[in-house]
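The analysis underlying the following values was restricted to heavy atoms, covering all of them including side chains, and did not include hydrogens, waters or symmetry mates.
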Amino acid sequence: MTLRNERVRKTLMKEISDVLLRDIKDPKISGLVSITDVEVSHDNSYAKIYYSVLASDDKKKEEIKEAIQKNTPKIRYEIGKRVRLRLTPELNFILDESLERGARISDLIDKISKGEL
């Protein structure tokens, strides 16, 4: 990854987080979503946005996923206004469950060390 791509990645991560927090007024999203990583293509025309959710049940996660998909064009529009790029990247949001898996593994390790398993 080039230095420019890395700067674009960090900027997108910051700005998308800010857009979700301040500009998207959907109550399903506000305060429950955090951006964990962004991957951009070599020409900055496509971005994968990994996000985590502060909800534990699958129904709530699915509602949040649908709300994000519904608001993706608005998020892209806001990014286009904020970030000076020749082309605003296509955004693809992907649920990142690595934090939950890490917490579950940590709990299992704690239980094993205490002799509960």
Side-chain angles (χ1 to χ4, degrees):
M1 183 175 280
T2 65
L3 183 61
R4 175 172 165 73
N5 279 29
E6 182 64 20
R7 283 196 324 253
V8 169
R9 184 188 79 78
K10 287 180 180 179
T11 302
L12 285 175
M13 193 168 177
K14 176 184 167 293
E15 293 299 330
I16 291 170
S17 295
D18 192 55
V19 167
L20 288 173
L21 186 65
R22 298 187 198 307
D23 296 332
I24 303 299
K25 302 299 182 196
D26 194 328
K28 294 176 186 170
I29 297 175
S30 61
L32 297 175
V33 175
S34 61
I35 304 301
T36 58
D37 196 14
V38 173
E39 291 179 7
V40 290
S41 62
H42 67 284
D43 61 353
N44 295 328
S45 64
Y46 185 78
K48 290 181 185 177
I49 295 89
Y50 295 92
Y51 66 96
S52 65
V53 176
L54 256 53
S56 58
D57 65 350
D58 291 333
K59 183 181 179 203
K60 184 70 173 171
K61 287 180 186 178
E62 190 60 36
E63 289 177 2
I64 292 171
K65 181 179 178 181
E66 290 171 5
I68 287 176
Q69 294 304 321
K70 184 182 93 178
N71 287 292
T72 297
K74 180 172 179 166
I75 296 168
R76 185 173 184 227
Y77 173 75
E78 289 295 327
I79 294 302
K81 289 191 327 188
R82 294 172 179 219
V83 181
R84 304 287 292 162
L85 294 171
R86 185 176 355 156
L87 178 68
T88 303
E90 276 297 318
L91 305 178
N92 182 21
F93 286 88
I94 301 167
L95 180 61
D96 183 7
E97 296 179 342
S98 62
L99 296 175
E100 291 176 16
R101 279 191 299 246
R104 192 169 57 235
I105 290 171
S106 179
D107 287 343
L108 288 173
I109 291 172
D110 288 344
K111 287 180 181 178
I112 289 171
S113 67
K114 292 178 183 177
E116 295 175 6
L117 289 179

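With a 4.5 Å cut-off on side-chain heavy atoms, Leu85 and Thr88 do not count as touching. Inter-residue side-chain proximity for Ile49 and Ile94 is flagged as unmet; no heavy-atom pair is nearer than 4.5 Å. Within the 4.5 Å cutoff, the side chain of Asn44 has heavy atoms near those of the Arg4 side chain.
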List the steps, then state whether salt bridge (Lys or Arg N to Asp or Glu O under 4.0 Å) holds for Arg82 with Asp23.
CA-CA 12 Å; Arg82 294 172 179 219; Asp23 296 332; 2.5 Å; yes
Carefully, step by step, assess Ile68 and Tyr51 under the rule side chain to side chain contact (heavy atoms under 4.5 Å, CB included).
CA-CA 10 Å; Ile68 287 176; Tyr51 66 96; 3.6 Å; yes
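Atom CG of Asp110 sits about 6.5 Å away from atom CG of Asp107, to the nearest 0.5 Å. The distance from the OG atom of Ser34 to the CG atom of Leu21 is 11.0 Å, given to the nearest 0.5 Å. How far OG1 of Thr72 is from CD1 of Ile79: 11.0 Å, rounded to the nearest 0.5 Å. In this structure, OG in Ser106 is found 11.0 Å from NZ in Lys111, a value given to the nearest 0.5 Å. Here the CD1-CD distance, from Ile75 to Glu78, works out to 9.5 Å after rounding to the nearest 0.5 Å.
Following chains of ILVMFWY side-chain contacts shorter than 4.5 Å, one cannot reach Ile16 starting from Tyr50, and the two form parts of different hydrophobic clusters.
Electrostatic pairing of Asp58 and Lys65 does not count as a salt bridge here, judged by no charged N lying under 4.0 Å from a carboxylate O.
Checking each of Lys10, Arg9, Lys48 against Asp37 for a salt bridge (charged side-chain N to carboxylate O under 4.0 Å, His left out) leaves exactly one that passes, namely Arg9. A side chain to side chain contact (heavy atoms under 4.5 Å, CB included) with Ile64 holds for exactly one of Glu62, Lys61, Lys60; it is Lys60.
Side chain of Asn71 to main chain of Ala67: a donor-acceptor pair is present (N/O by atom type, distance under 3.5 Å, no hydrogens or angles). Remark: side-chain polar atoms of Arg76 are not paired, donor with acceptor, to backbone N or O of Leu91 under 3.5 angstrom. A donor-acceptor pair is defined here as one N or O able to donate and one able to accept, closer than 3.5 Å; such a pair exists between the side chain of Asn5 and the backbone of Ser41.
There is no side-chain donor-acceptor pair under 3.5 Å between Thr36 and Ser52. With hydrogens and angles left out, the side-chain atoms of Tyr46 and Asn92 include a donor and acceptor closer than 3.5 Å.
Considering all non-hydrogen atoms of both residues, Ile24 and Lys74 come closest at CD1-CD, 3.8 Å.
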